[in-house]
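Only a predicted model underlies this, so the values are computations on that prediction, with no experimental measurement involved. We number each residue from 1, following the sequence as shown.
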Amino acid sequence: MATLTILNYPDPRLHTVAKPVKEVNAEISRLIADMAETMYAAPGIGLAATQVDQHIQLIIIDTSKEQNDLLVLINPKIVVKSGLQDFEEGCLSVPGVYEMVSRAEKITVEALDKQGKKFKLNAEGLLAVCIQHEMDHLLGKVFVEYLSPLKRNRIKTKMVKLQRDR
Ligand code: K2U
Ligand code: ZN
């Protein structure tokens, strides 16, 4: 396994639209393992393949307390959503930035699991937020795009300076 490099905002590669996974093969399984190692090391509770510069529809999530319950969603699609909830979100691609974002409170998502088997999941609360946040990454969208242009530009300037001073 390997820890992968996470792209930092405003890297343009974060705005790439991910392609569907055609076959859940050994290469995909290896990427899932590397993404899981990367997410747990960050630490984070979710990670999209886009963030490690792999532009396929694959996200991983672990909202468990013990960080030992990995959820893998391949080619995820939200088929039902209801309600609204505000949550203070962060992002491993925008380190040190936490802002309120409003998203659907409850969702039903259809996806393939790590064996390539179809499944349906009802989610609410933090899990629903995380799934929507990660699925945005697959569309090339970063959560700061929900903020005002003024806030977003301040964050962009801060991130560029952070990377320059590294
Ligand atoms: O996409 C990512 O960068 C992973 C996020 C997932 C996430 C975003 C917003 C709300 C919940 C999860 C990272 O895990 S950010 C770290 C974090 C951890 C717990 C709660 C909120 C944010
Ligand atoms: Zn993120």
Side-chain angles (χ1 to χ4, degrees), residues 1-64 67-85 87 89-95 97 101-147 152:
M1 290 211 285
T3 302
L4 306 172
T5 301
I6 295 176
L7 298 177
N8 278 330
Y9 184 80
D11 191 313
R13 291 172 289 182
L14 285 169
H15 301 299
T16 308
V17 177
K19 291 187 169 53
V21 171
K22 291 192 175 71
E23 183 198 359
V24 181
N25 55 23
E27 191 186 340
I28 299 294
S29 301
R30 172 62 194 266
L31 178 56
I32 290 169
D34 289 348
M35 283 176 63
E37 183 176 324
T38 304
M39 180 184 75
Y40 289 127
I45 60 172
L47 190 66
T50 307
Q51 293 178 273
V52 292
D53 202 19
Q54 296 296 314
H55 302 291
I56 57 168
Q57 292 177 17
L58 163 61
I59 61 180
I60 64 170
I61 289 170
D62 188 344
T63 55
S64 70
Q67 290 279 279
N68 60 358
D69 186 11
L70 188 71
L71 174 64
V72 175
L73 297 105
I74 298 168
N75 301 340
K77 281 172 189 53
I78 293 176
V79 293
V80 181
K81 55 179 168 183
S82 65
L84 278 176
Q85 62 177 320
F87 192 93
E89 298 192 12
C91 182
L92 296 176
S93 294
V94 195
V97 173
V101 176
S102 185
R103 295 188 191 267
E105 183 190 16
K106 295 182 179 181
I107 61 172
T108 300
V109 59
E110 288 179 353
L112 302 180
D113 65 16
K114 61 185 174 192
Q115 279 83 29
K117 187 166 173 281
K118 255 190 181 177
F119 74 98
K120 196 181 273 196
L121 173 71
N122 295 319
E124 58 185 292
L126 175 60
L127 181 58
V129 169
C130 198
I131 291 171
Q132 293 172 85
H133 177 108
E134 302 310 335
M135 287 183 67
D136 267 357
H137 276 302
L138 301 182
L139 292 171
K141 189 165 185 172
V142 182
F143 86 107
V144 297
E145 294 170 49
Y146 290 98
L147 308 177
R152 188 164 59 246

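Annotation: side chain of Y9 is in contact with side chain of V144 (closest heavy-atom distance under 4.5 Å). Between I61 and I131, some side-chain heavy-atom pair lies under the 4.5 Å cut-off. A 4.5 Å side-chain heavy-atom check between I74 and D113 finds every atom pair outside the cut-off. Within the 4.5 Å cutoff, the side chain of L47 has no heavy atoms near those of the L4 side chain. Side-chain atoms of V142 and H15, non-hydrogen and from C-beta on, do get closer than 4.5 Å to each other. Considering only heavy atoms from C-beta on, T3 comes within 4.5 Å of E37 through its side chain. In this structure, L31 and Q54 have side chains that are in contact, with non-hydrogen atoms separated by less than 4.5 Å. Within the 4.5 Å cutoff, the side chain of H137 has heavy atoms near those of the C91 side chain.
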Using side chain to side chain contact (heavy atoms under 4.5 Å, CB included), reason through Q51 and M39 one step at a time and then give a plain yes or no. CA-CA 11 Å; Q51 293 178 273; M39 180 184 75; over 6 Å; no
Checking side chain to side chain contact (heavy atoms under 4.5 Å, CB included) for the pair K114/V24: CA distance, chi angles, key distance, verdict? CA-CA 7 Å; K114 61 185 174 192; V24 181; 5.6 Å; no
Criterion side chain to side chain contact (heavy atoms under 4.5 Å, CB included) on Y146 and K141, from CA distance to verdict: CA-CA 9 Å; Y146 290 98; K141 189 165 185 172; 3.6 Å; yes
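To the nearest 0.5 Å, the span separating OG1 on T16 from CG on D53 amounts to 7.0 Å. Interatomic distance, T5 OG1 to D11 CG, rounded to the nearest 0.5 Å: 11.0 Å. Atom OG1 of T50 and atom CG of L14 lie 8.0 Å apart (nearest 0.5 Å). We find the NZ-NE2 distance between K19 and H55 to be 9.5 Å, quoted to the nearest 0.5 Å. The distance from the CD atom of Q85 to the CG atom of L126 is 8.5 Å, given to the nearest 0.5 Å. Annotation: the span from L73 atom CG to L112 atom CG amounts to 9.5 Å, rounded to 0.5 Å.
When all heavy atoms of L92 and P43 are compared, the pair lying nearest together is CD2-O, 3.8 Å. Shown here for I78 and Q132, the closest heavy-atom pair between the two residues is CD1-CG, 4.0 Å. Nearest heavy-atom pair, V109 versus M135, reported as atom, atom and distance to 0.1 Å: CG2-SD, 4.3 Å. Of all non-hydrogen atoms in A104 and A128, the two that sit nearest each other are O-CB, 4.3 Å. Counting all heavy atoms, side chain and backbone alike, P76 lies closest to A111 at CA-CB, 3.9 Å.
Relative orientation of the H133 and F143 rings is tilted, given thresholds of 30° and 60° on the angle between their planes.
Here the side chain of S93 pairs a donor or acceptor atom with the backbone of L7 at under 3.5 angstrom. Distance alone, capped at 3.5 Å, is enough to place a donor-acceptor pair between the N25 side chain and the I28 backbone.
Put simply, the residue from L71, D69, I45, L70 that forms a side chain to side chain contact (heavy atoms under 4.5 Å, CB included) with S64 is D69.
Using a cut-off of 4.0 Å between Lys/Arg side-chain N and Asp/Glu carboxylate O, E89 and R103 are scored as salt-bridged. Using a 4.0 Å cut-off between charged side-chain N and carboxylate O, E110 and K77 make no salt bridge.
Counted within 6.0 Å of CD on E27, heavy atoms from surrounding residues, nucleotides or ligands total 12 or fewer; the atom is thus considered open.
In summary, the side chains of N122 and T108 do present a donor paired with an acceptor at a separation below 3.5 Å, with no hydrogens or angles considered.
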